[in-house]
Amino acid sequence: MKGLKRTHRCTELKVTDVGKEVVVMGWVQRRRDLGKLIFVTLRDRSGIIQVVFNSETDPELHAKALQVRSEFVLAVKGTLERRSEKDINPNMETGELEIIASELRILNKSEIPPFHIEENTDANEVLRLKHRYLDLRRPHLQRNLILRHRIAKLARDYYDENGFLEIETPVLTKSTPEGARDYLVPSRIHPGKFYALPQSPQIFKQLLMVSGFDRYMQIVKCFRDEDLRADRQPEFTQIDLEMSFVDIEDVLAINEGFISRLFRELKGIDIPVPLKRLTYAEAMERFGSDKPDTRFGLELVNISDIVAASGFKVFKDAVENGGSVRAINARGAGSKFSRKEIDALGETAKTYKAKGLAWMAVEEDGLRSPIAKFLTEDEISRIKERLDAQPGDLLLFVADKDEIVFDALGHLRLELGEKLGLIDHKRFDVLWVTEFPLLEYDEEEQRWVAKHHMFTAPMDEDIEYLDTDPGRVRSKAYDMVINGYEVGGGSIRIHSQDLQAKMFKVIGLSDEQAKDRFGFMLEAFRYGTPPHGGMAFGLDRLTMLLAGTNNIRDVIAFPKVQTAACLMSNAPDTVEEKQLDELHIKTVIEESEK
RNA sequence: GGCCCGGUAGUUCAGAUGGUUAGAACGCUAGCCUGUCACGCUAGAGGCCGAGGGUUCGAGUCCCUUCCGGGUCGCCA
C-alpha cells in the first residue's frame with residue numbers, strides 16, 4: 001500500500017470525524033473532471049465517498065488524479081470535511097462529507113470494464129457471469145452475500161447455544177440408490193470404482209446419532225446432478241441438523257426458534273411461534289400444493305358431488321374414474337380478463353397435464369361460459385353458491401385425477417395471485433406442512449418409492465397399512481414453507497431394524513441390495529440406535545427469501561448457468577489424456593460431439 | 001428430451017413490407033471547464049448484425065441447421 005494504512009471504510013466516516021486525517025482505499029466508481037477540480041467517488045464494500053482534488057491547492061496531486069479512470073484501485077489520504085450546505089448530496093449515505101485529498105496512490109490500474117459497475121445495471125447476465133468478480137462489486141450482490149454470511153453465522157450461534165455440535169462429514173462418499181442422480185468421482189486407486197458426492201449427509205448424520213453426539217449441525221455443500229431451475233443449483237448449501245431422543249414436536253420447536261430469531265434479527269420481522277401448521281392433505285385440498293403460498297386466498301373448492309351425475313361428460317367421468325372436479329373463484333377476473341387471457345390460463349393448466357380448463361364468467365344477468373350449456377340450472381346455481389360467486393367473478397374448473405387437478409389448479413392459483421395483484425411482497429408467511437405420505441407410486445418403475453427418503457418413519461397409527469395399502473401410510477416428515485418455497489424439510493427416522501427392513505421391502509429393495517448399499521448403516525443400527533430425527537434448511541433459498549430475490553444466482557458467489565456450466569471458469573472442461581489414464585477412464589464421446 | 005423467449009458498436013437498444021455508406025444513447029479517446037455527484041460543452045474512434053448453409057440481382061431482415069443464454073415441463077428420495 002506504499003506506506004499508507006487504511007483508517008476507515010468509506011461509509012464508516014461520519015460527521016463526527018470531520019477534521020480528521022483519514023486514509024481510504026477502494027475502487028473508482030466515477031471520476032468527474034471539471035478542469036481545475038476533479039471529483040472521484042471511491043467505492044469499497046461499505047459504500048462510496050467523494051474525494052476532491054484541487055489544482056489550485058496542489059497542482060502535482062491534481063495532475064496525478066487526471067490519470068485516474070474507472071475501477072482503478074486507489075489509496076487516498078486526506079482531510080475529512082463537511083460539504084457546504086449547497087453541495088450536500090442527499091442521495092448519498094456520505095453526501096454531507098468529502099475527503100480533501102493530500103496524497104494519492106494508484107495501487108493498481110484497470111482496463112475498461114466490460115460493463116459499467118453500478119447498482120441497477122442492465123448489462124446482460126451472460127456477460128456479468130463471465131466476469132462474476134466484477135459483478136460481485138455491485139452493492140446489490142455484496143449485500144446478498146453479506147446477508148448470507150449473517151444467516152450462516154446466526155445458524156451456528158443459535159444451534160451452538162442449543163447444544164448442537166458442528167461436525168464435518170465426507171464429501172467423497174458412496175453412491176446410494178433412490179433420489180437424485182449422483183455426481184460421481186472416479187477412484188485412481190480402485191480401478192473402475194467411484195465415489196459419489198453427497199446429495200445430503202443423511203446417512204452420516206444418522207450414524208453420528210448412533211455415536212452419541214446427540215445434536216449435530218453442519219453448514220454443508222450438497223450435490224444433485226439434475227436440471228437447474230431459477231431456485232435450483234447442482235451444488236447448494238444446507239443447514240443440516242440431527243437430534244437424538246426427540247419426537248416431531250421437539251424438532252419443530254427448536255427449528256421454529258431458529259427461523260423466528262432469523263427474521264427478528266436480520267429483518268426486524270416478528271414471526272409468531274409456534275408456527276401455523278397444515279397437514280399435507282389439507283395443503284393439497286386448499287391450495288393444490290405441498291408448499292402453499294398462503295399470503296393470499298383463491299383456495300380450491302371441491303364440487304365433485306355437485307357434478308357427479310352431471311350431463312357434462314368431462315366432469316361426470318372424472319368423478320366416476322375416482323378423480324375430482326375442483327374450482328377456483330378468481331374474484332373480479334371475469335370482468336378484468338379478456339378471452340385471450342382466459343385462454344392463456346388454459347395453457348398454464350395444460351402445462352400441468354390438465355386436459356383443459358373450463359370456465360364461467362359470472363355476469364349481472366347470467367353467465368358467459370362455454371360449458372354452461374352442458375349443466376343444469378340447478379347445478380350452476382349450486383356451483384355459484386359454493387364458490388360464493390358474485391358478478392364479475394371468474395370461476396375456473398379442472399376435472400381429472402386428483403394429482404392433476406391439484407397440480408394444475410395449484411399453479412393456476414399462483415399465476416392468478418400474481419396477475420390479480422393479491423400478493424403482498426413485504427409479507428412472510430412461515431408454516432409447517434406435516435403428515436406427508438410415506439410413499440408414492442412410481443408409474444414408470446411400477447413400484448412404490450419413498451416420498452422423502454427411505455429412512456423416514458411412518459406415523460405409528462399407519463404402520464399397519466404398510467403391507468396392505470402403502471399409499472395410505474403417512475410419515476413423520478415435515479417441511480417448512482415460506483411464501484410458497486420449501487425452505488427446509490426433515491423427518492423422524494426409523495431406528496428399528498425390523499421396520500427399516502420392512503421399508504426396504506416395500507420399495508422393492510432386495511436384502512442383497514440393501515446390504516450392498518447400506519450394509520454399514522444397518523450394521524450400525526444393531527448396536528443401540530437412539531430414536532432420532534432432524535431436518536435441513538436450504539441456505540440458498542432462505543437467503544433468496546430474506547434478500548427478496550427469486551433468482552438463486554443472486555445469492556451464490558459463483559453460480560452455474562442452466563447447463564450446469566460456470567461461464568467464468570468454463571467448467572466442466574476436458575482433461576489431459578494422462579489424467580484419464582490414471583483414473584482408468586476412457587470416454588466414448590464422438591469427436592463431433594465435443 | 002419437449003415447449004416458450006432472447007442473441008445487431010465495449011454496454012443497452014432501434015432497425016414495417018428484403019434495397020445506397022447499419023443508427024441512437026451511455027461508455028471510450030482528445031480538447032475546454034473550480035462545486036460536480038448520471039457534471040456540462042466540442043470533436044473523434046468504434047460493427048464478421050452469435051456461427052454455418054440456402055433462397056434472391058440483392059439478406060441484419062426470409063428459410064434450414066447449429067451454438068450460446070434465460071424461463072418452464074419432465075427430472076429434483
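Reckoned from all heavy atoms, side chains included, excluding hydrogens, waters and symmetry mates.
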(Q) Taking the nucleotide of RNA chain B with the nearest heavy atom to each, does A:R553 or A:R232 sit closer to the 5' end? (A) A:R553
Same-atom distance ([atom1]) from [N] to [M], integer angstrom:
N: B:A45; M: B:G50; atom1: C1'; answer: 25 Å
N: B:U66; M: B:U21; atom1: C1'; answer: 32 Å
N: B:A9; M: B:A22; atom1: P; answer: 14 Å
N: B:C26; M: B:G40; atom1: P; answer: 8 Å

Value in whole Å for how far the [atom2] atom of [N] lies from [atom1] of [X]:
X: A:D227; N: B:C3; atom1: CG; atom2: C1'; result: 14 Å
X: A:Y352; N: B:C75; atom1: OH; atom2: P; result: 13 Å
X: A:Q238; N: B:C76; atom1: CD; atom2: P; result: 16 Å
X: A:D225; N: B:C75; atom1: CG; atom2: C1'; result: 11 Å

Q. Taking O4'-C1'-N9-C4 for purines and O4'-C1'-N1-C2 for pyrimidines, is B:A16 syn (within 90° of 0) or anti?
A. syn
Q.
Does A:L567 reach a base, just sugar-phosphate, or nothing at all? Heavy atoms under 4.0 Å.
A. sugar-phosphate
Q) With a non-hydrogen cut-off below 4.0 angstrom, is A:V449 in contact with a base, only sugar-phosphate, or nothing? A) nothing
Q | Step-by-step side chain to side chain donor-acceptor pair (under 3.5 Å) determination, A:R9 to A:T11 | A | CA-CA 6 Å; A:R9 290 208 176 84; A:T11 62; over 6 Å; no
Q. Is there a donor in the side chain of A:Y216 and an acceptor in the side chain of A:D240, or the other way round, less than 3.5 Å apart?
A. yes
**Q.** Watson-Crick or G-U wobble mate for B:G35, both contacts under 3.5 Å
**A.** none
Q: Classify the side chain of A:R224 and the base of B:C76 as holding, or not holding, a donor-acceptor pair under 3.5 Å.
A: no
Q. If the sugar-phosphate is the primed atoms plus P, OP1 and OP2 and the base is the rest, what is the B/S/- string for nucleotides 27-43 of chain B, using protein heavy atoms under 4.0 Å?
A. -SSS--BBBBBSB----
